[in-house]
*Asks:* 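Take this structure, written in structure tokens, and hold onto it; I'll ask about it next.
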Amino acid sequence: MSSLVDGEALLSKLGDRFAGLRGRLTPNMGMEKVTWFRAGGPAEVMFQPADEEDLAAFLKAVPEEYPILIVGIGSNLLVRDGGIPGFVVRLSAKGFGEVERVGETQLRAGTATPDKRVASAALDAGIAGFHFYHGIPGGIGGALRMNAGANGVETRERVVEVRALDRKGELHILSNADMGYAYRHSGAASDLIFTSALFEGMPGERTEIQAAMDAVQHHRETVQPIREKTGGSTFKNPEGSSAWKEIDAAGGRGLRIGGAQMSPMHCNFMINTGTANGYELETLGETIRSRVLQNSGIRLHWEIKRLGLFRPDQEVHEFMGQFL
Ligand SMILES: Cc1cc2nc3c(=O)[nH]c(=O)nc-3n(C[C@H](O)[C@H](O)[C@H](O)COP(=O)(O)OP(=O)(O)OC[C@H]3O[C@@H](n4cnc5c(N)ncnc54)[C@H](O)[C@@H]3O)c2cc1C
């Protein structure tokens with residue numbers, strides 16, 4: 001499948017600017033290797049910095065007119081088949097994956113740390129309040145941006161402060177209030193790349209924390225298709241209802257377009273049954289929005305972040321297949 005980006009050309013144009021960097025630059029990085037959906041076109045150039053200093057140097061080196069996008073573990077991303085123009089930054093565990101205890105009830109974590117590791121570190125330290133991370137398959141950067149939450153707890157309830165670099169490579173320390181949290185959303189400036197965060201829990205008993213984590217895992221395995229290629233909840237819950245109920249009522253459970261399907265197990269989870277591309281996944285999502293609008297008058301809003309370019313023959317329109 002042809003993409004619309006050319007990472008080799010971009011690097012040969014700008015390559016000299018990156019001479020001093022210690023991280024890895026990869027042209028035409030297949031995003032199907034990164035996203036949980038295992039679908040989508042390439043990132044024109046992916047940069048994996050060695051550490052925060054290296055990331056700052058990279059941000060300063062890229063001319064302003066080139067877009068830079070940050071991705072995490074890819075568990076909430078749908079990448080379009082034309083690819084992502086410009087640069088995609090991905091932080092790796094080496095450099096951004098440390099978790100350390102601070103005082104009695106705080107943890108500092110690099111943003112490439114998987115949420116699950118933060119839950120385990122909290123268990124080891126006897127700090128309660130992080131069991132919900134045991135069930136979320138993303139990383140801390142994504143959790144901070146998405147205000148990830150489960151089991152009645154959200155990231156915003158644990159954040160003390162966040163370190164971030166802006167598009168110019170300048171360092172910012174954001175307080176909890178600066179993060180501008182709402183349901184599955186942070187209002188912090190969209191160019192910020194979070195590099196680490198300080199969290200606060202409460203003193204807890206290890207046996208109780210372990211039991212809460214086990215309950216989270218058991219619940220997940222019974223109600224969510226966690227072993228499928230998926231992006232988690234496709235749509236945010238609308239005011240006063242649940243997205244899955246509205247999708248079910250509109251006949252969306254199990255609906256298929258090509259290799260994309262609304263999970264028969266949890267119908268707000270979209271799955272790649274094996275051959276889906278970004279176009280099929282997004283078309284299915286817009287078809288579902290269209291059906292729900294017709295059935296109940298509710299406009300569902302995407303929770304999954306959609307990135308990149310449509311191929312010219314594949315443009316997906318809002319509410320595609322209106323009233324199919
Ligand atoms: C099976 C399954 C179950 C899920 N269950 C839940 C759940 O219960 N609750 C829930 O909230 N979510 C859930 N999700 C969705 C997803 O795991 C979360 O949104 C997670 O926080 C995304 O983290 P990520 O590292 O995968 O981010 P990505 O998907 O890679 O990116 C998501 C967003 O975060 C931004 N981002 C990532 N890293 C950084 C950074 N360092 N700095 C700034 N921005 C950054 C990206 O630009 C993008 O906008 C589930 C997903 C799956 C596949």
Side-chain angles (χ1 to χ4, degrees), residues 31 34-38 40 43 46-49 52 55 59 67-79 84 87-93 95-97 109-119 131-157 162-167 172 174 179 181-197 216-217 219-221 223-237 243-244 263 265-266 268-272 302-308:
M31 290 299 289
V34 172
T35 61
W36 271 58
F37 273 128
R38 295 282 176 259
M46 178 171 279
F47 180 59
Q48 292 170 278
E52 193 184 77
L55 175 59
L59 293 166
I68 301 178
L69 257 173
I70 169 81
V71 300
I73 288 177
S75 63
N76 218 204
L77 298 181
L78 197 171
V79 178
I84 305 177
F87 295 88
V88 169
V89 171
R90 191 164 196 235
L91 308 181
S92 33
F96 299 90
T111 47
T113 313
D115 298 357
K116 272 179 192 289
R117 254 201 80 213
V118 172
H131 58 288
F132 72 109
Y133 273 160
H134 187 55
I136 303 180
I140 289 300
L144 292 168
R145 175 54 75 188
M146 301 301 298
N147 185 21
N151 308 85
V153 193
E154 288 180 318
T155 295
R156 71 167 141 193
E157 293 166 64
V162 178
R163 270 177 86 91
L165 297 179
D166 66 19
R167 176 63 182 77
H172 298 256
L174 291 92
M179 291 298 285
Y181 278 127
Y183 167 56
R184 297 295 175 268
H185 175 78
S186 160
S190 59
D191 66 321
L192 290 176
I193 298 183
F194 309 132
T195 56
S196 70
V216 164
Q217 185 62 22
H219 177 69
R220 297 250 148 195
E221 291 193 0
V223 301
Q224 293 182 356
I226 54 175
R227 302 197 199 292
E228 304 274 2
K229 299 171 193 152
T230 177
S233 295
T234 309
F235 303 107
K236 297 185 188 189
N237 286 325
W244 76 262
S263 164
M265 185 183 201
H266 188 317
N268 191 27
F269 275 51
M270 198 154 56
I271 53 179
N272 175 1
W302 286 87
E303 180 171 323
I304 286 176
K305 300 281 184 192
R306 292 161 297 152
L307 309 176

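Each ligand, and each atom within it, is numbered from 1 in the order the structure gives.
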*Asks:* Looking at ligand 1, does any of its N/O atoms fall within less than 3.5 Å of an N/O of Phe194?
*Replies:*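 Yes, there is a polar N/O contact under 3.5 Å.
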
*Asks:* Provide the number and element of each atom of ligand 1 under 4.0 Å from a heavy atom of Thr230.
*Replies:* 1 (C), 53 (C)

*Asks:* Atoms of ligand 1 less than 4.0 Å from Met146 heavy atoms?
*Replies:* 19 (O), 33 (C)

*Asks:* Please state which option from Thr35, Ile73, Ile271, Thr111 has its nearest heavy atom closest to atom 24 (P) of ligand 1.
*Replies:*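 Among Thr35, Ile73, Ile271, Thr111, the closest heavy atom to atom 24 (P) of ligand 1 comes from Ile73.
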
*Asks:* Just by distance, do the side chain of Arg90 and the backbone of Val71 share a donor-acceptor pair under 3.5 Å?
*Replies:* no

*Asks:* With the threshold set at 4.0 Å, does a side-chain nitrogen-carboxylate oxygen contact exist between Arg184 and Glu303?
*Replies:* yes

*Asks:* Does the residue Glu228 have a heavy-atom contact with ligand 1, meaning some pair of atoms that are separated by less than 4.0 Å?
*Replies:*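 Not so, Glu228 does not reach ligand 1.
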
*Asks:* Going by the atom numbers of ligand 1, which of them fall below 4.0 Å from some non-hydrogen atom of Gln224?
*Replies:*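 Listed by number with element, the hits are 3 (C).
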
*Asks:* The test is side-chain contact (heavy atoms from CB on, under 4.5 Å); show your working for Thr35 and Asn76 and say whether it passes.
*Replies:* CA-CA 8 Å; Thr35 61; Asn76 218 204; over 6 Å; no

*Asks:* Which residue supplies the protein heavy atom nearest to atom 27 (O) of ligand 1, what is that atom called, and how far is it?
*Replies:*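 Of the protein heavy atoms, Gly142 CA, 3.6 Å lies nearest.
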
*Asks:* Tell me whether Glu157 contacts the main-chain N or O of Glu154 through its side chain, where contact means a donor paired with an acceptor under 3.5 Å.
*Replies:* yes

*Asks:* With the side chain counted from C-beta on, respond yes when Met179 and Phe194 share a heavy-atom pair under 4.5 Å apart, and no when they do not.
*Replies:* yes

*Asks:* Taking only heavy atoms of Leu192, which atoms of ligand 1 are found under 4.0 Å from at least one of them?
*Replies:* 43 (C)

*Asks:* Please report whether ligand 1 has a polar contact with Gly231, defined as an N or O pair separated by less than 3.5 Å (distance criterion only).
*Replies:*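 By distance alone, the answer is no.
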
*Asks:* In terms of side-chain heavy atoms, does Gln48 have a donor or acceptor partner in Ser92 at a distance below 3.5 Å?
*Replies:*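 Side chains of Gln48 and Ser92: no pair found under 3.5 Å.
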
*Asks:* Can you check whether Arg220 has an N/O within less than 3.5 Å of an N/O in ligand 1?
*Replies:* yes

*Asks:* For atom 4 (C) of ligand 1, what is the closest protein heavy atom, and at what distance to 0.1 Å?
*Replies:*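 Ranked first by proximity to atom 4 (C) of ligand 1 is Pro137 CD, 3.6 Å.
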
*Asks:* If you measure every N or O of Asn147 against every N or O of ligand 1, does any of those distances drop under 3.5 Å?
*Replies:* no

*Asks:* Considering only heavy atoms of Ala150, which atoms of ligand 1 have at least one such atom less than 4.0 Å away?
*Replies:*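 Taking each heavy atom of Ala150 in turn, ligand 1 has 8 (O) under 4.0 Å.
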
*Asks:* Starting from atom 28 (P) of ligand 1, what is the nearest protein heavy atom, named by residue and atom, and what distance separates them?
*Replies:*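 It is Gly74 N, 3.6 Å.
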
*Asks:* With only distance considered, is Ile226 within less than 3.5 Å of ligand 1 through an N or O on each side?
*Replies:* no

*Asks:* Against heavy atoms of Ala143, which atoms of ligand 1 measure under 4.0 Å?
*Replies:* 21 (O)

*Asks:* Which residue and atom name correspond to the protein heavy atom nearest atom 30 (O) of ligand 1, and how close is it?
*Replies:* Gly72 N, 2.7 Å

*Asks:* Within ligand 1, which atoms have a heavy atom of Gly232 less than 4.0 Å away?
*Replies:* 2 (C), 50 (C), 51 (C), 52 (C), 53 (C)

*Asks:* Could you walk me through whether Asn147 and His185 pass the side-chain contact (heavy atoms from CB on, under 4.5 Å) check?
*Replies:* CA-CA 5 Å; Asn147 185 21; His185 175 78; 5.9 Å; no

*Asks:* At what distance is the nearest protein heavy atom to atom 15 (C) of ligand 1, and which residue and atom is it?
*Replies:*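 The protein heavy atom lying closest is Asn76 ND2, 3.5 Å.
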
*Asks:* If we set the cut-off at 4.0 Å for heavy atoms, which region of Trp36 has an atom near ligand 1: side chain, backbone, both, or neither?
*Replies:*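 For Trp36, the contact with ligand 1 is made by the side chain alone.
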
*Asks:* Regarding ligand 1, does Ala148 bring an N or O atom to under 3.5 Å of one of the ligand's N or O atoms?
*Replies:* no

*Asks:* When you measure from the side chain of Thr111 to the backbone N and O of Thr195, does any donor-acceptor pair fall under 3.5 Å?
*Replies:* yes

*Asks:* Any idea which protein heavy atom is nearest atom 9 (N) of ligand 1, and the distance to it?
*Replies:*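 Here the nearest protein heavy atom works out to Gly149 O, 2.7 Å.
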
*Asks:* Measure the NZ-CH2 distance between Lys229 and Trp36 for me, rounded to the nearest 0.5 Å.
*Replies:*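 Lys229 NZ to Trp36 CH2: 12.5 Å, rounded to 0.5 Å.
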
*Asks:* Taking Ala188's backbone N and O only, do any of them form a donor-acceptor pair with Arg145's side chain (distance below 3.5 Å, no angle check)?
*Replies:*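 Yes, because the side chain of Arg145 sits within donor-acceptor range (under 3.5 Å) of the backbone of Ala188.
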
*Asks:* Step by step, work out the side-chain contact (heavy atoms from CB on, under 4.5 Å) result for Met270 and Phe37.
*Replies:* CA-CA 9 Å; Met270 198 154 56; Phe37 273 128; 4.1 Å; yes

*Asks:* Using a plain distance cutoff, I'd like to know if Ile136 has any nitrogen or oxygen under 3.5 Å from a nitrogen or oxygen of ligand 1.
*Replies:* no

*Asks:* Looking only at protein heavy atoms, which one is nearest to atom 49 (O) of ligand 1, and what is the separation?
*Replies:* Lys305 CG, 3.5 Å

*Asks:* If you draw a 6.0 Å radius around NE2 in His172, do more than 12 non-hydrogen atoms from other residues or ligands fall strictly inside?
*Replies:* yes

*Asks:* Between Leu55 and Val89, is a side-chain contact (heavy atoms from CB on, under 4.5 Å) present by the stated rule, with each step listed?
*Replies:* CA-CA 9 Å; Leu55 175 59; Val89 171; 3.9 Å; yes

*Asks:* Kindly say whether Ala148 contributes a backbone atom to a donor-acceptor pair with the side chain of Thr155 at under 3.5 angstrom?
*Replies:*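 A pair under 3.5 Å: yes.
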
*Asks:* Counting non-hydrogen protein atoms only, what is the nearest one to atom 46 (C) of ligand 1? Give residue, atom name and distance.
*Replies:*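 Looking only at protein heavy atoms, the one closest to atom 46 (C) of ligand 1 is Ile70 O, 3.3 Å.
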
*Asks:* With heavy atoms of Ser75 as the reference, note each atom of ligand 1 found under 4.0 Å away.
*Replies:*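 Those of ligand 1 that fall under 4.0 Å from Ser75 are 15 (C), 16 (C), 17 (O), 20 (C), 22 (C), 23 (O), 24 (P), 26 (O), 29 (O), 51 (C), 53 (C).
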
*Asks:* If you round to the nearest 0.5 Å, how far is OG of Ser233 from CH2 of Trp302?
*Replies:* 12.5 Å

